[in-house]
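Worksheet: one structure, shown below.
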Amino acid sequence: MRALSHALETGRLHHAYLFTGTRGVGKTTIARILAKALNCERGVQARPCGACEACTGIDAGRFVDCIELDAASNRGVDEMTQLLENAVYAPTAGRYKVYVIDEVHMLSTHAFNAMLKTLEEPPPHVVFVLATTDPQRVPVTVLSRCLQFNLKNMPAPAIAGHLARILGAEGVEHDAGALDRIGRAAAGSMRDALSLLDQAIAFGAGSVRETEVREMLGLVDAGWLVRILDALVEGDGRTLVDIADSMLTANAPFERALSDLAQLLQRIALAQVGALGDADDPETLQRFAQSIAAEDLQVYYQIVTHGARELPLAPDAHTGFTMVLLRLLAFRPSTGTESARPEAAPPRARPAPSKAERVAPPAAARVAPPPSIERAVPSAAAPDASPVARSEAPRAAPPDRQPFDGDWPALAARLDVSGFVRQFMEQSELLETDGPRLRVRVPIRPLAEPGTVRRVREALAAHFGADVRLDVEVGPVQGRTAAVVSAQQRADRQAQAQAAIESDPFVRTLIDEFDGSIVPGSVRPREHRQTPGGSE
């Protein structure tokens, strides 16, 4: 509204304004404020006093020179003709006659034609303020004679903040989480938010609490969604089915559950890039941000949104919801020798190594392994090794495996793993190597869960061709990790690419002779991909 404020302050007024936007964003309210700004007894100004006779009369709907018309119920040419016949007369009590026509797109073609003549040659004391939710249905001949302002939807935090100010002034007890839920449910409409607020006050017997607002809006208990993601991370299909059955018993809205699950995944993605801001339960969001890989999160989000779209095609909502959860589990990445199938199913055979994997490593990479790994493991497994590890006989290292030279970040880069195991290898640091025993530290406790440690140990054993004992502790990671090394390598490649571009003779000619410049962020290092033949 900056342009409108400047027009009022400088006296450069137009004879017709058009406000567009969805329901409840303030089109009619701004039209009345404009009428007050034009007729305020203190003069034409961007901020009317709100206390003079003209301002209070317009607020009460009794000001004779502010005429409001609902085009949805007065859409004929006769009503419009009668309205415009009085436009030629000077205002009675104010400076301007302000005609506020709401839902102007509902006028008939003949009514628009009747109004067009007045819009072309308006009297100097007449101002038209038109409001519509569908500007596409307004004739272009009318649009071309109006200053158009498109009002945007209000963001949920702004709605919640305004509701908090209202409840504070009224002395109504409330929860911040409850107002946040109302702000999201209003979908950008302040009018809808106020209606929901009145309903929430009545529902809560004079207070606005999050639990009661959730029940009123039919929202899904956030605890169910957290349990779903926990079971998904652990690969527990039985628990996923039990959760769906429990939600059916509680008469949960499965359509809304998928929508809320998609919103939860989106907030987790924001937490991964550090753009979460103020949010409820940030500890849970950060926990999932650390335990779910970014690429897996995108797959989950796509499955949930597609599942919500296909839910009406299912035999019933419970069946469709259960299948969406099982689809999430089916597309959950498997690591090492782990299989995404139920435990009763036989493990899948490991695929034969590709041609690229069979290529011998360069001579520089053939570092003699330290005795701790070269001797592999003794014939008896370590006392605290898992039953799976004790049941396997020692294996000789395959000839195509690179020996461990103590470089933990390099080992993490060589392992063909994903999901939790990839996060473990990238975020952990190696503390000690003692024979078949590796002691590492991870920054968060979810990475030290027994299931995750077991899968990491299996991946390492498959890589070395021998059983490995893995001791994991949780604490601040200060040494070299694969994530730190990868970030440093990316920064180095970016710096080299930037330097190469800046020193390129052709680029220097463009900069010097044409006063050009390199757009910040436009330079990207070239990614080298290895072909199956081994060449780049």
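Only this structure's heavy atoms are used, side chains among them; waters, hydrogens and symmetry mates stay out.
Side-chain atoms of K27 do not come within 3.5 Å of backbone N or O of L151 as any donor-acceptor pair. With hydrogens and angles ignored, the 3.5 Å screen pairs no side-chain donor or acceptor of Q427 with any backbone N or O of V477.
Every residue meeting the salt bridge (Lys or Arg N to Asp or Glu O under 4.0 Å) condition with R23, not counting sequence neighbours, appears here in chain and number order: D192. Residues satisfying the salt bridge (Lys or Arg N to Asp or Glu O under 4.0 Å) test with R441, not counting sequence neighbours, are E429, E473. Every residue meeting the ring-ring contact (aromatic ring centres under 6.0 Å, His included) condition with F254, not counting sequence neighbours, appears here in chain and number order: H318, F321. When the salt bridge (Lys or Arg N to Asp or Glu O under 4.0 Å) test is applied to D175, the partners found at least two apart in sequence or on another chain are R209.
By the 4.5 Å heavy-atom criterion applied to side chains, Y301 and I268 are not counted as neighbours. The side-chain heavy atoms of F424 and V440, taken from C-beta on, include a pair separated by under 4.5 Å. V507 places none of its side-chain heavy atoms less than 4.5 Å from the side chain of E502. When side chains are defined from C-beta on, Y300 does not count as touching L229, because their heavy atoms never get closer than 4.5 Å. Between L447 and V456 there is no side-chain heavy-atom pair separated by less than 4.5 Å. Between D236 and D230, every side-chain heavy-atom pair lies at or beyond the 4.5 Å cut-off. In this structure, Q423 and V442 have side chains that are not in contact, with every pair of non-hydrogen atoms separated by 4.5 Å or more. I444 places none of its side-chain heavy atoms less than 4.5 Å from the side chain of Q286.
Residues in residues 442-451 take part in no salt bridge (Lys or Arg N to Asp or Glu O under 4.0 Å) pair, two or more places apart or across chains. Each salt bridge (Lys or Arg N to Asp or Glu O under 4.0 Å) pair with one or both residues in residues 239-264, not counting sequence neighbours, appears once here: R238-D242, R256-D260.
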Kindly indicate, with the supporting measurements, whether the criterion side chain to side chain contact (heavy atoms under 4.5 Å, CB included) is fulfilled by L438 and R457.
CA-CA 10 Å; L438 300 175; R457 187 172 60 246; over 6 Å; no

If you apply the rule side chain to side chain contact (heavy atoms under 4.5 Å, CB included), what do you find for V472 with T452, and how did you get there?
CA-CA 11 Å; V472 181; T452 301; over 6 Å; no

Walk me through whether V213 and L196 qualify under side chain to side chain contact (heavy atoms under 4.5 Å, CB included).
CA-CA 9 Å; V213 169; L196 290 173; over 6 Å; no

Give the intermediate values and the outcome of side chain to side chain donor-acceptor pair (under 3.5 Å) for residues S246 and W224.
CA-CA 9 Å; S246 300; W224 275 330; 5.5 Å; no

Going through the checks in order, is the side chain to side chain contact (heavy atoms under 4.5 Å, CB included) test met by V25 and K152?
CA-CA 7 Å; V25 295; K152 299 179 180 179; over 6 Å; no

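Distance CD/Q136 to NE2/H105: 11.5 Å, rounded to 0.5 Å. With rounding to the nearest 0.5 Å, the separation of CG in L430 from CG in D407 is 9.5 Å. One finds the NE2 atom of H174 at 5.0 Å from the CG atom of L179 (value rounded to the nearest 0.5 Å). Put simply, CG on L285 and CG on L270 are 9.0 Å apart, with the number rounded to the nearest 0.5 Å. If you take CZ on R184 and CD on Q263, they are separated by 6.0 Å, rounding to the nearest 0.5 Å. In this structure, CD1 on I292 lies 5.5 Å from CG on L297, to the nearest 0.5 angstrom.
In terms of heavy-atom proximity, T20 sits nearest to P135 at CG2-CB, 3.7 Å. When all heavy atoms of L329 and G237 are compared, the pair lying nearest together is CD2-CA, 3.4 Å. Nearest heavy atom pair, residue L194 against residue I166, reads CD2-CD1, 3.6 Å. Scanning both residues, V304 and L258, for their nearest heavy atoms gives CG1-O, 3.2 Å. The two residues A257 and M247 have their closest heavy-atom pair at CB-CE, 3.7 Å. Considering every non-hydrogen atom in both L240 and L232, the closest pair reads CD2-N, 4.3 Å.
No salt bridge links E295 with R422; every basic N to acidic carboxylate O contact stays at or beyond 4.0 Å. With salt bridges taken as basic N to acidic carboxylate O contacts below 4.0 Å, one links R454 and E458. Ionic pairing of D467 and R469 is not present here: no N-O contact between side-chain nitrogen and carboxylate oxygen is shorter than 4.0 angstrom.
Between the side chains of Q488 and D492, at least one donor N or O sits under 3.5 Å from an acceptor N or O. Side chains of R490 and S486: a donor-acceptor N/O pair is present below 3.5 angstrom, by distance only.
A side chain to side chain donor-acceptor pair (under 3.5 Å) with T22 holds for exactly one of D134, N153, T133; it is N153.
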